[in-house]
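Below is one structure; the comments refer to it alone.
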Amino acid sequence: MASASDWASKAVFTRYPLGVIPLFIRVVILLDSLKGYLDSDQPIRKHRQPVQCFRENAMDRRMDHSALSVVGYTTPWAVTGGHPVDLRLSCAHPLESVHLRRLDTPGREILEWPVEVLEPAAHRTFRQGSYLRIPHGELSKSGGATGIGFELFLTINDGARMLVDGGDLALALSGTRLSLLRGATARDTGIDLPSRTWLDVSLTISGQSARIAIRSLDSLAPFEATAEIECGPSRLGERDLLLGSDAKFALPCLNAKISDLRIETPQGTVRWQFPTILPHGAIASQHGPSTLRVEMVNLPTFCVTSPRWDGSTFDPRVAPAHYDAVHLHDDDMAALDWPSSYRVQTPAEAESGIYAFEIGCGGRTEQVVFFVSADRPCAPLVFVAPTATYLAYADEYLPPHLYPWLCEDRGHRLAVDNDFKSLYDFHRDLSGVSICSYQKPKATLREDYRYPLGDCPHNLPVDLGFLRFCRTHGIAIDVITDHDLHSRGPAALTPYRAVVTGSHPEYMSVEMEGAYRSFAAAGGSIAYLGGNGFAGTVAFRDDLMELRRSPLEAGRTWDGPVGEQAFAITNEPGGHLRSRGRGEFSLTGVGISLMGFERGRPFTRTEASRDECCAWLFDGVEVETFGQDGIVLGAAAGYEVDAVDRRLGSSDDVKVVARATGFPDSFFHDPSRWYAGGEAEMAGRRCAEMTIRNLASGGLIFSASSVAWLGALPTGQEMNDVGRITLNLLNRISQAS
């Protein structure tokens, strides 16, 4: 016979949205499901859609290899010659081959570097969802727990979730309905918790009963509820005490912000204030008779506004009590800990460049990319691989209902199948994904990658084309990464005459931008060969990168909540570099003007291009208009393009040497720009502007001002005007003293 919850899932969930399911049915579902969960060591799998309910180990997911039969990552992501690289894999079938290939040379050579087998590759799992844990050993220091309290801001939680799992007693949610669990018994409290408002929640045990008290902390949204439930002799914390997850991990984790965590003990109240800086480990309590530690599991988001935030400051360093909350998400992911299957010891003499493990599996070969960085100069030029941008875009979800796909890419399909999220995506509670680790599969980081929104290469394959072009035409160039530049600062660039960017160096830390600026001030040159670069601020720590977006970015991707633009890694402001007087306009002289995915446009020379200080760039170019073809949207100016803006900081010494116009109407303006002349001026600024800035220090800054520029380079021994201009530039800055 079908249970009450079976009937409800089949007969009701197809008819009613969750918010209007009749109350009695929701209670039946919760109680019936919780009873099955508590009675069994093998939690039941019911109510799959639309309510996420109990399933075996909801946090641990087995990799779905429908799109790629093998995926992996390396540790570290970048090394210098002479250091080992470990390959960590998940595969659906036995591996057929593993070898090394160099990707940034015309021949794409297979390397004879010995590959050591460490452990057989296997089908791996990964863990999703963050929560808080107070280990049982910590609670025992204070004689156990007689109560727990905290501030709670619920976001979106469909189906059953665990608010507190204290072992003998627990608080559970079904949607917003709160129940008390004691052993195998679930009791409805009669309380529906409001979402998106701060609440104070407490659970206290006294004698044979448990008392639950909820009150709103928002004076404009008053709410208060209590429940006294007979539960017999009960205790909290007979094992680890969890907030946001159940001990069996049979439920999805909670989507909520939590602050002001406190434990009632026989010795008194122990209290935590969450730090604004992302902790390296467990957090010690700040108040109370005992010092207890709470652990943050699977990388929740720190430095988020708490009930004390009143809008008086956006800086957590000024008022840390305004930012003493932590945001839990049911799809958070920290660094994966897959075992190492293979290891390669890079030769000490290995050339800097871009490499990959190539793994044969299921009749197909896939790549796991890593970098060998120069630790000493071997060339006059250095290419900075934009690993910050690569990581920000890696495994982008691209929901088809928001973004129509023009082509399939198996990397994006893998992200959808496994619910991976990039720093362009939303968590399930609609908050933005702001932090990630490079220790995860990056299935879109491949030389054959195609971006579904434009049906064209993007990022890595375009940058590989540039490096192959350099090697074909005798341009000596070293390679380092964004991460190297961040950690080493100006010293990473000092040995070189010029630094060269990739096609889309969009994101960089303040330390990176400062290194570029110092290098140029000391006489070095910068070849900015992309578009929408030097724009967004990121912060790095170990394997982590954090990206906090600002309202300036509204309309292109998720925009951060008001007041939450500061990094948890550093507490410095996130958002655009330009908002800090740095970045694109004040350094390169240009910033993003248009973005679109239809066919791009060619560039046409300006009169300024004939000035003596600029004309050398066009030696050998016999036409006025160039760049009519390319692998990125079919032309040299496309996808995201830049232009000068004196109001936003473009210096008077920035000369526009070529301009692209006539972009399709689907290319939209950067929403952060304002035009005093209104629609007429805006229409006249629908352009990309290639520029040269000759610096007083003796160097120069060239801006291609288009993500598509490097995609218009010729291949092999062929040559075109985009190639001639690029070679003229590289030869010039290579020889500069």
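Just so you know, residue 1 is the first one in the sequence shown, and it goes up from there.
Figure legend: Lys440 and Tyr73 shown without cation-pi pairing, the cationic atom not lying both under 6.0 angstrom from the six-membered ring centre and within 45 degrees of its axis. Both the sub-6.0 Å distance and the 45° axial angle are satisfied by Lys442 relative to the ring of Trp77. Cation-pi contact between Arg62 and Phe126: absent, since separation from the ring centre below 6.0 Å together with deviation from the ring axis within 45° is not met.
At a threshold of 4.5 Å between non-hydrogen side-chain atoms, the residues Phe274 and Ile258 count as touching. Considering only heavy atoms from C-beta on, Ile592 stays 4.5 Å or farther from Val641 through its side chain. The side-chain heavy atoms of Thr313 and His322, taken from C-beta on, include a pair separated by under 4.5 Å.
Checked by atom type and distance alone, the side chain of Thr389 pairs as donor or acceptor with a backbone atom of Glu506 at under 3.5 Å. Remark: side-chain polar atoms of Asp395 are not paired, donor with acceptor, to backbone N or O of Ser422 under 3.5 angstrom. Proximity of a side-chain donor or acceptor of Ser130 to a complementary backbone N or O of Leu328 within less than 3.5 Å is not detected. Of the possible donor and acceptor atoms, one in the side chain of Gln565 sits under 3.5 Å from a partner among the backbone N and O of Pro561.
Below 30°, between 30° and 60°, or above 60°: for Trp405 and His412 the angle between ring planes is above 60°, a perpendicular geometry. Relative orientation of the Tyr451 and Tyr639 rings is tilted, given thresholds of 30° and 60° on the angle between their planes. Under the 30°/60° scheme for interplanar angles, the aromatic rings of Phe370 and Phe357 are found to be tilted. Aromatic ring pairs are classed by plane angle as parallel below 30°, tilted from 30° to 60° and perpendicular above 60°; the pair His458 and His504 is tilted. Note on ring orientation: taking the six-membered ring where Trp is involved, the planes of Phe249 and Tyr131 are tilted (angle from 30° to 60°).
To the nearest 0.5 angstrom, Asp158 atom CG is 10.0 Å from Arg428 atom CZ.
A salt bridge links Asp330 to Arg161: one of the charged nitrogens lies within less than 4.0 Å of a carboxylate oxygen.
With sequence neighbours excluded, the residues that form a ring-ring contact (aromatic ring centres under 6.0 Å, His included) with Phe663 are Phe667. Applying the salt bridge (Lys or Arg N to Asp or Glu O under 4.0 Å) test to Asp429 and every residue at least two apart in sequence or in another chain returns nothing. Judged as a ring-ring contact (aromatic ring centres under 6.0 Å, His included), and not counting sequence neighbours, the contacts of Phe153 are Trp198.
In this model, no donor atom of one side chain and acceptor atom of the other lie less than 3.5 Å apart for Arg61 and Thr125. Looking only at atom types and distance, the side chain of His427 has a donor-acceptor partner in the side chain of Asp331 under 3.5 Å away.
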